[in-house]
Amino acid sequence: MSFTDKSPLGWLLQQFQLKPGKPDIFSGLRSLLILGVPIGIGFLTSHAATSAIATMAAWFVGMVNVEGTYRQKAIAMIAATIGITLVFLIASLVSGNLWLAMPATFLVIFIAGLASLYGNVAASVGLVTSIMFVIALAKFASFSNLSTLIQQCALCLAGGIWTTVLSSGLWVVRPDAPAKQVVAKCYDSLSKFVDLAREKALNPQDEGEWTQRFLQAQDIVIQDLTFARSVWTAMWTRQKGANLRGNQLLVLIEDANQILNSVVALSELLAIASTDRLYSQLQREIEQAIEQLAIAVQILSQAIVKEKNLVHLGDLDRTIEALKYQWQVIRAQLLNQTVNVQIDEYGELLNLKKITAILTNLAQQIHIDAEIVTDFRQGKQRRIPQGNISPPTQPENFTIIDTLRNNFTFDSVLFRHALRLALVTTLAELLASVLQLPRGYWITLTALVALKPNFGGTSETTVQRVIGTILGGIIGITLVLLFNNPLAIVLCFLLLVFTAMSVRSLSYSIFIILLTPAIILLLNLISAGDWKIGILRIVDSLVGGVLALLGSYLLFPRWERQQLPAQLEKTIRANLAYFQQVIANYLHREHGVSTDSINMLRHQAALENVNATAAAQRLFSEPRHVQGEIEPVMTLMVYIRGFFSSVTTLAEHIREFSGEYQFTELNRLTDTIIQVLENLADALQQRQPPQQLPALDNYLEAIHSQIQHLHTARLSEIATNPNALSTPTLQAVQEQTPLSRELERIVNEIKVIHCVIARMQR
C-alpha cells in the first residue's frame with residue numbers, strides 16, 4: 001500500500017486484490033488430506049458429530065503459519081497440538097458455569113496473546129489455540145463424565161498428530177529444501193526490484209508513484225534476505241559447519257544482497273543521468289541491459305528451486321556487449337567532434353561509463369551465480385573464498401522468562417494487545433452467553449481474529465473479514481438450499497477448502513469468502529441446520545467486527561503519531577552510523593576497506609528503514625483526527641530512503657577508490673553532515689526543533705571547483721595526447737566525480753530532512 005491518500009472505494013477494492021504469485025496447490029491438496037480422513041472416518045463409523053472434534057483440531061494445526069526449516073515446522077505443529085488439546089480440556093472443565101467460563105476465557109486468551117512476544121510462529125500457535133478454546137467452549141465442551149472427556153481430548157490429540165504426521169510425510173526428504181526455497185524467493189523478489197530499475201531507465205522523469213513502488217520492492221527484498229539468513233542459520237549453526245550445499249546457498253544469499261546494493265547504486269546514477277543530454281543516446285541500450293538482467297535473475301530463481309543443470313544467459317551477454325559498444329561510440333563522437341569539449345559533457349560521459357560498468361559487473365555476478373547453481377545441482381566442489389561463507393550473526397538470545405518480564409508493562413505494545421484481546425473476547429463471550437444468542441461464539445471468533453496490535457491492522461482485517469463473510473455467507477446459503485445430499489455437501493466442502501487454502505497466501509479476503517461457506521456446510525454436516533446458519537454468521541461477524549474496532553480504539557490505544565518520533569530517531573541514527581563507516585573508508589583509505597562493518601551497518605540501517613516505513617504506513621491507516629499532518633511524514637521517509645541510497649552508492653564506489661587524491665573540504669563537509677544528523681536525531685528524541693542548518697553549500701562549492709579543475713586537466717591531456725588512457729589525472733577524475741555527485745545529493749537530502757523535522761517539531 002502506498003503512502004498516498006486513496007478514495008474509500010479504491011481502498012476497499014485494494015483489500016480484495018490478489019498478491020503477486022501463484023496459488024499454493026500443495027497447501028490445498030494437503031488440506032484435503034488433513035480434513036478428508038477424519039471426516040471420512042466419521043461418516044464410515046456413523047459418528048460424524050464426534051469426528052468433528054478431530055477434524056477441527058487437524059484443521060487448526062494445519063493452519064499454523066510456519067515458514068522455515070522442517071524442524072521449526074514440526075515443533076510449531078507439536079506445540080499447537082498440545083495447546084489445542086489443553087484448551088479443550090480447560091473448556092470442558094469450565095463449561096456450564098458462567099462464573100468459571102469467563103475468567104478462564106480471559107486467562108486463556110491473555111496467555112495465548114502473550115505468545116506473540118516470541119515471534120510470528122508462536123503468535124500463530126497462540127491464535128489457533130484461542131480459536132479452538134472459543135469453539136470448544138461453545139460447541140463441544142461438556143463435562144458429563146471422565147471417560148467422555150478423555151475420549152474427546154484423545155480426539156483432539158489424534159487430529160493434531162494426524163496433521164503433523166501427514167505434513168512430515170509430505171515434506172521432501174532433502175534436508176536443504178527449505179533453505180533452497182527461501183533463496184529462490186530472494187532472487188524472485190530481486191528480479192521484480194531490478195525490473196523497476198528498468199522502468200526508471202525507460203521513463204526517467206516519472207518520480208512519484210515509481211519511487212513508492214521501488215522502495216516497497218526494496219523492502220521486500222531486504223525482508224526476504226533477512227528471512228533467508230535466519231533459515232540458513234537455523235539449519236546449519238547447530239552443526240559443526242555447513243556442508244557444500246549449505247555454503248553454496250549462503251554465497252547465493254550474499255550475492256543477492258550484493259546485487260541489491262548494485263541496483264540501488266544504479267538507480268541513483270540513472271536519476272543523476274536522466275537530466276543529461278548524452279543519456280538519450282545510451283538510454284535504449286541501458287533499458288535493454290536492465291531488462292535482460294531482470295530476466296536472468298528470474299531464471300536464476302527458477303533454476304535454484306528446480307535445480308536446473310544449465311542457465312542460459314546469451315541474451316544478457318549480447319545486450320551488455322551492445323551497451324559497451326554504444327558507450328565507446330558516444331565517447332569517440334564526443335572527444336573527436338572538437339578540441340573544446342564542454343566540461344559538463346565530459347562529466348555526463350563519465351556518469352554513463354559508471355552506469356555501463358555497474359551493468360557489466362552485474363552481468364558478471366549473475367554468471368558466477370549461474371555457475372554456483374549448476375554446481376549445486378551436480379554436486380560439484382567449487383572453491384569459495386572464506387570471506388564469502390562467514391555465517392550470519394545470531395541475534396542475542398533471551399530466556400522465556402526474561403522476554404516476559406521485559407514486556408510485562410503497559411509500555412509494551414504486545415502486552416497491551418494481549419490484555420485488550422482478552423478483555424474484548426471475554427466481553428463478546430459474556431454477551432453471547434447472557435443474551436443466549438444462537439451460535440453467538442461467532443461474534444467472539446470474529447473479534448478474536450480481527451483484533452490486531454494496531455488500529456490500522458484491526459480496521460483492515462475487520463473490513464476484509466466482514467465483507468468476506470457477507471459474500472461467503474451468501475454463497476453458503478445458496479449451497480445449503482441447492483444441496484440436501486450429504487455426499488454432495490462433503491464434496492462442496494472439500495472443494496471450497498482446497499480453493500481457500502490454495503489462495504490463502506494471495507488474498508485474505510478471498511480466503512474468507514471461500515472459508516465461510518465451507519464452515520456453514522461443515523456445521524450442516526455435523527448438526528441439524530439450514531440456510532439460516534448463513535444469516536446468523538453474517539450478523540455475528542458484523543457484531544464481532546464492531547467490537548474489535550471499538551476495543552482497538554478505546555482500550556489502551558497508543559497512536560502511531562506518539563511513537564513515530566522514536567522510530568524516526570532510531571532510523572536516522574542507524575543511517576548516520578552507516579554513513580560514518582562508509583565515509584571513514586574514503587577519508588582513511590590507507591587502512592583498507594572494512595567490508596564487514598559496512599555490510600553490518602548497511603543491514604541495520606535497511607531494517608530500520610523498513611521499520612520506519614511500516615510505522616508510517618500504520619499512521620496512515622489510523623483515524624484522521626489522530627494522524628496529524630501526513631505530508632511531512634511522507635516527505636521525510638522518501639528523503640531518508642534517498643539518503644540511504646546515496647550512501648549505498650558511495651559504499652559501492654569504494655572498491656574503485658584509491659585515496660591518492662582527496663578533496664580538501666571533504667573532511668569538514670562530512671564532519672558537518674554528521675553533526676547535523678546527530679542534532680536531527682536529538683531533536684526527535686527531545687521533541688524540540690533542530691538547530692539552524694550550517695552552510696553546507698560552501699563546502700560543496702569548493703569540491704565543485706576541484707572537480708572542474710580535474711576535468712579541465714583531463715580534457716587538456718586528451719587534446720594533447722588522445723592515446724593517454726591511463727594517467728593519474730584520469731584516475732582522480734574517475735574516483736572523484738561519482739563522489740562529488742553523491743555528496744551533492746546527500747547535502748540536498750539533508751536539507752529537506754532538516755526542513756521537514758523542523759516543521760514537525762514546531
Side-chain angles (χ1 to χ4, degrees), residues 34 38 50-66 75-118 121-144 146 148-164 400 404 417-430 432-433 439-451 519 522 526 544:
I34 288 173
T50 304
S51 69
I53 297 175
T55 303
M56 287 288 184
W59 196 357
F60 293 151
V61 171
M63 291 181 70
V64 173
N65 187 19
V66 184
I75 291 174
M77 288 185 175
I78 292 170
T81 300
I82 295 172
I84 284 173
T85 305
L86 181 60
V87 298
F88 189 95
L89 174 63
I90 295 172
S92 299
L93 294 175
V94 302
S95 64
N97 189 324
L98 183 64
W99 300 107
L100 287 177
M102 293 305 102
T105 299
F106 179 87
L107 288 174
V108 168
I109 302 302
F110 179 65
I111 293 171
L114 288 176
S116 57
L117 295 172
Y118 304 98
V121 174
S124 181
V125 172
L127 178 61
V128 298
T129 302
S130 301
I131 294 173
M132 187 62 178
F133 175 81
V134 172
I135 293 177
L137 188 63
K139 194 72 182 172
F140 300 111
S142 60
F143 187 34
S144 55
L146 185 60
T148 302
L149 177 60
I150 293 174
Q151 179 187 9
Q152 291 176 335
C153 290
L155 286 171
C156 257
L157 199 61
I161 291 174
W162 159 243
T163 297
T164 305
I400 294 177
L404 187 61
H417 172 62
L419 186 58
R420 182 189 305 122
L421 190 66
L423 288 171
V424 171
T425 305
T426 305
L427 175 62
E429 195 72 25
L430 182 62
S433 299
R439 293 187 169 85
Y441 66 94
W442 280 341
I443 298 175
T444 310
L445 286 176
T446 300
L448 176 65
V449 174
L451 200 56
I519 293 175
L522 178 62
I526 63 178

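Nothing fancy with the numbering, it's 1 onward along the sequence.
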Taking [X] for its side chain and [Y] for its backbone only, find out whether a donor-acceptor pair lies under 3.5 Å.
X: Ser95; Y: Ser92; result: yes
X: Thr425; Y: Ala422; result: no
X: Thr163; Y: Ala58; result: yes

If you take all heavy atoms of [X] and [Y], which pair is closest and at what distance?
X: Ala115; Y: Gly126; value: CB-CA, 4.4 Å
X: Gly113; Y: Ala418; value: C-CB, 3.7 Å
X: Val125; Y: Ala76; value: CG2-O, 3.8 Å
X: Ile131; Y: Phe60; value: CG2-CZ, 3.7 Å
X: Thr85; Y: Cys153; value: CG2-O, 3.7 Å
X: Ile90; Y: Phe133; value: CG2-CE1, 4.1 Å

Is the shortest heavy-atom distance from the side chain of Ile150 to the side chain of Leu146 under 4.5 Å?
-> yes
Is the closest side-chain heavy-atom distance between Met132 and Cys156 below 4.5 Å?
-> yes
Atom pair [atom1] ([X]) and [atom2] ([Y]), whose distance is rounded to the nearest 0.5 Å:
X: Ile53; Y: Ile84; atom1: CD1; atom2: CD1; result: 12.5 Å
X: His417; Y: Leu117; atom1: NE2; atom2: CG; result: 10.5 Å
X: Leu430; Y: Phe106; atom1: CG; atom2: CZ; result: 13.5 Å
X: Leu107; Y: Thr426; atom1: CG; atom2: OG1; result: 8.5 Å
X: Thr444; Y: Leu427; atom1: OG1; atom2: CG; result: 9.0 Å
X: Leu157; Y: Trp162; atom1: CG; atom2: CH2; result: 15.0 Å

Evaluate the side-chain contact (heavy atoms from CB on, under 4.5 Å) criterion for residues Leu419 and Phe110: first the C-alpha distance (whole Å), next the side-chain angles of each, then the deciding distance (0.1 Å), finally the verdict.
-> CA-CA 6 Å; Leu419 186 58; Phe110 179 65; 4.1 Å; yes
Would you check, one step at a time, whether the test side-chain contact (heavy atoms from CB on, under 4.5 Å) holds for Leu149 with Leu89?
-> CA-CA 7 Å; Leu149 177 60; Leu89 174 63; 3.6 Å; yes
Derivation and outcome, side-chain contact (heavy atoms from CB on, under 4.5 Å), residues Ser124 and Met63 = CA-CA 8 Å; Ser124 181; Met63 291 181 70; over 6 Å; no
Side-chain donor-acceptor contact under 3.5 Å, Thr105 with Glu429 |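 No.
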